[in-house]
There are 2 protein chains.
Amino acid sequence: MTAQREPISRRERPAKPALTRRGIIDTAVRIMRSEGLEKVTMRRLAQELDTGPSSLYVYVANTAELHAAVLDALLGEVDLAAGGAGAVADWRHQLIAVLTSYTRVLFEHPQLARSALVARPSGENYLILVERVLSLLSRSGAPQEQVAWGIDLLLQYATATAAEHGTQKSSPGLQDDWKALTRAAHAVDEATHPMIKAHMPALLAGPAEHRLSWGFNVLINGIIHTPLPYAAR
Amino acid sequence: MTAQREPISRRERPAKPALTRRGIIDTAVRIMRSEGLEKVTMRRLAQELDTGPSSLYVYVANTAELHAAVLDALLGEVDLAAGGAGAVADWRHQLIAVLTSYTRVLFEHPQLARSALVARPSGENYLILVERVLSLLSRSGAPQEQVAWGIDLLLQYATATAAEHGTQKSSPGLQDDWKALTRAAHAVDEATHPMIKAHMPALLAGPAEHRLSWGFNVLINGIIHTPLPYAAR
DNA sequence: ACCTGAACACCGTTCAAGT
DNA sequence: ACCTGAACACCGTTCAAGT
């Protein structure tokens with residue numbers, strides 16, 4: 001009786017595909033899209049691939065490396081030609097459009113943005129993005145070292161903003177934090193926190209897209225007009 | 001025989017102190033200082049307080065809230081008078097000094113910085129810091145709405161930098177990531193990534209303190225000189 | 001009201017043993 | 001070389017039951 005079971009189940013799941021790094025990461029991306037990065041665990045991934053968690057360690061060093069690979073896969077979706085192509089177009093407009101596209105991609109997966117802040121990405125798609133941002137910012141005519149250091153600021157701002165404000169099944173706890181901050185800021189005592197009181201509506205208000213693009217412009221203007229410290233030149 | 005044990009151990013641990021929110025958070029801070037935030041778990045904390053994990057939920061909503069409370073406790077260490085006090089002193093110098101002090105505090109606890117990026121802090125000490133930064137930046141003479149929006153940029157930059165580069169028993173994986181990025185950037189193909197090649201030494205080089213204070217200056221200059229988008233005013 | 005034990009439903013990573 | 005089972009050493013959170 002039970003002896004018949006095995007051949008049948010072999011026919012049903014006949015070709016358990018061989019493990020490859022590629023296949024592992026593709027599966028990880030699929031799980032992330034459908035259930036979020038928090039479900040992309042070694043154990044869950046192994047289950048999905050019909051093996052034990054220990055098997056994955058042949059192809060992936062640890063969970064952090066796995067998440068980094070997932071991030072780079074996702075960066076393939078950034079629109080590098082955003083804002084219109086060609087040298088005719090306004091470099092600033094293009095630069096902000098590309099950075100906004102990058103932010104938008106991470107916005108859907110804030111947990112991935114958080115992991116990008118911790119473990120510096122160094123994948124293929126990340127390097128392509130850096131190359132593109134460098135070439136656009138260079139067209140500002142700013143000194144080369146300011147451009148070099150400025151890239152980090154721009155990408156860090158975009159990444160941190162996605163990590164902070166990203167949507168996606170955000171655990172209800174996050175909205176609570178925002179509420180708590182809003183409440184705390186409004187409830188503040190005029191005598192001890194006069195500046196907060198005075199700046200209060202603007203401090204927390206404003207549409208996210210406006211704040212994001214204003215931030216990009218702040219950085220771009222600052223990068224162009226702020227020379228490196230003497231000691232670093 | 002065993003009956004004698006109990007009274008003895010009662011005398012050794014006589015007054016198991018009553019649980020309070022205060023006591024829980026103080027213990028959490030102590031564990032973090034000696035072993036890092038990753039050890040500040042509900043279970044470990046309960047063990048330290050000689051109780052079960054479920055008891056803590058009377059005083060603390062969840063792990064995220066616990067970490068937020070630990071963060072605010074730590075923010076008491078920020079030197080709000082850094083850079084010299086008084087209206088005589090240069091506001092920019094003072095502002096950068098306060099922000100650097102904030103960054104330094106978080107630098108010792110990068111995991112806390114990470115949690116600050118995710119769960120907006122709203123504690124007492126955080127509000128005091130915001131108040132101080134607001135009052136310093138106001139002295140720049142920049143329009144009030146630019147100051148209001150700019151605060152976020154400055155604090156986010158400081159927090160993200162601490163989260164990224166923070167030291168502290170940093171899991172050896174992080175240095176590996178930096179090495180990987182450095183290697184990847186150096187190994188890049190001139191034909192496909194000419195801009196990276198051209199900017200390469202500066203892209204990753206430079207002492208952390210110089211980059212940090214340059215970043216603050218970039219933001220300050222940008223905030224002062226970048227008007228809000230028309231639609232947001 | 002506060003505290004507890006026990007359970008539920010998970011984690012990452014290692015390692016000896018197999019093929 | 002690759003894969004596996006089993007183990008080690010943990011997690012957060014809930015909930016019925018006790019005081």
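Proteins come first, then strands; the chains are lettered A, B, ... in the order of their sequence lines, and each starts at number 1.
- The NZ-C1' distance, from A:Lys39 to D:dG12, rounds to 13 Å in whole Å.
- One can place CG of A:Leu66 at 10 Å from P of C:dT13, the figure rounded to the nearest angstrom.
- When rounded to the nearest whole Å, the span between CZ of A:Arg21 and P of D:dA1 equals 19 Å.
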Starting at the 5' end of DNA chain D, write a dot or bracket for each base, bracketing those in Watson-Crick or G-U wobble pairs whose two distances are under 3.5 Å and using | for partners on another strand.
-> ||.|||||...|||||.||
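- The existence of a salt bridge linking A:Glu77 and A:Arg33 is confirmed by a sub-4.0 Å separation between a basic side-chain nitrogen and an acidic carboxylate oxygen.
- Rounded to a whole Å, the CE atom of A:Met42 is 20 Å from the P atom of D:dC11.
- The separation of C:dC3 from D:dC15, taken at their C1' atoms, amounts to 13 Å, rounded to a whole angstrom.
- For the pair B:Arg120 and B:Asp152, the salt-bridge criterion is met [side-chain N within less than 4.0 Å of a carboxylate O].
- Counting to the nearest Å, the P atom of C:dG12 and the CD atom of A:Glu38 are 12 Å from each other.
- We find that CG of B:Leu45 is positioned 16 Å from C1' of D:dC10, with the value rounded to whole Å.
- Atom-to-atom distance recorded for A:Glu124:CD and A:Leu129:CG is 12.0 Å, nearest 0.5 angstrom.
- The stretch residues 189-204 of chain B participates, sequence neighbours left out, in no salt bridge (charged side-chain N to carboxylate O under 4.0 Å, His left out) pair at all.
- In terms of heavy-atom proximity, B:Pro110 sits nearest to B:Phe107 at CD-O, 3.4 Å.
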Under 3.5 Å between N/O atoms: give me all the protein pairs with nucleotides 5-8 of chain D, atom names plus distance.
from, atom 1, to, atom 2, distance (Å)
D:dG5, O6, A:Ser54, OG, 2.4

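- Taking B:Ala158 as the reference, B:Tyr102, B:Thr103, B:Phe216 meet the side chain to side chain contact (heavy atoms under 4.5 Å, CB included) condition, with sequence neighbours excluded.
- Relative ring orientation between A:Trp149 and B:Trp214 is described as perpendicular, the plane-to-plane angle rising above 60° on a 0-90° scale split at 30° and 60°.
- Electrostatic pairing of A:Arg104 and A:Glu108 does not count as a salt bridge here, judged by no charged N lying under 4.0 Å from a carboxylate O.
- A salt bridge does not link A:Glu38 with A:Arg114: none of the charged nitrogens is closer than 4.0 Å to a carboxylate oxygen.
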Taking N or O atoms only and anything under 3.5 Å, show me the protein contacts with nucleotides 16-19 of chain D, one pair per line.
none

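- In this model, the phosphate group of C:dC15 is not approached by any side-chain N or O of A:Tyr57 to a distance below 4.0 Å at OP1 or OP2.
- Nearest nucleotide to the side chain of A:Thr41, out of C:dC2, C:dT13, C:dC11: C:dC11.
- Minimum interatomic distance between A:His67 and A:Leu112 (heavy atoms only, all atoms of both residues): O-CD1, 3.9 Å.
- Across D:dC8 and C:dC10, the matching C1' atoms stand 16 Å from one another, rounded to whole Å.
- Each side chain to side chain donor-acceptor pair (under 3.5 Å) pair with one or both residues in residues 19-31 of chain B, not counting sequence neighbours, appears once here: B:Arg21-B:Glu65, B:Arg22-B:Asp26.
- For the C1' atoms, the distance linking C:dC2 with D:dA16 amounts to 15 Å, nearest Å.
- With C:dC3, D:dT13, C:dG12 as the choices, the nucleotide that has an atom nearest any side-chain atom of B:Val58 turns out to be C:dC3.
- Rounding to the nearest 0.5 angstrom, the gap separating the OG1 atom in B:Thr161 from the CG atom in B:Leu106 is 10.5 Å.
- In this structure, A:Leu56 atom CG and D:dA1 atom C1' are separated by 16 Å, rounded to whole Å.
- Regarding A:Asn62, its CG atom lies at a distance of 17 Å from the P atom of C:dC11, rounded to whole Å.
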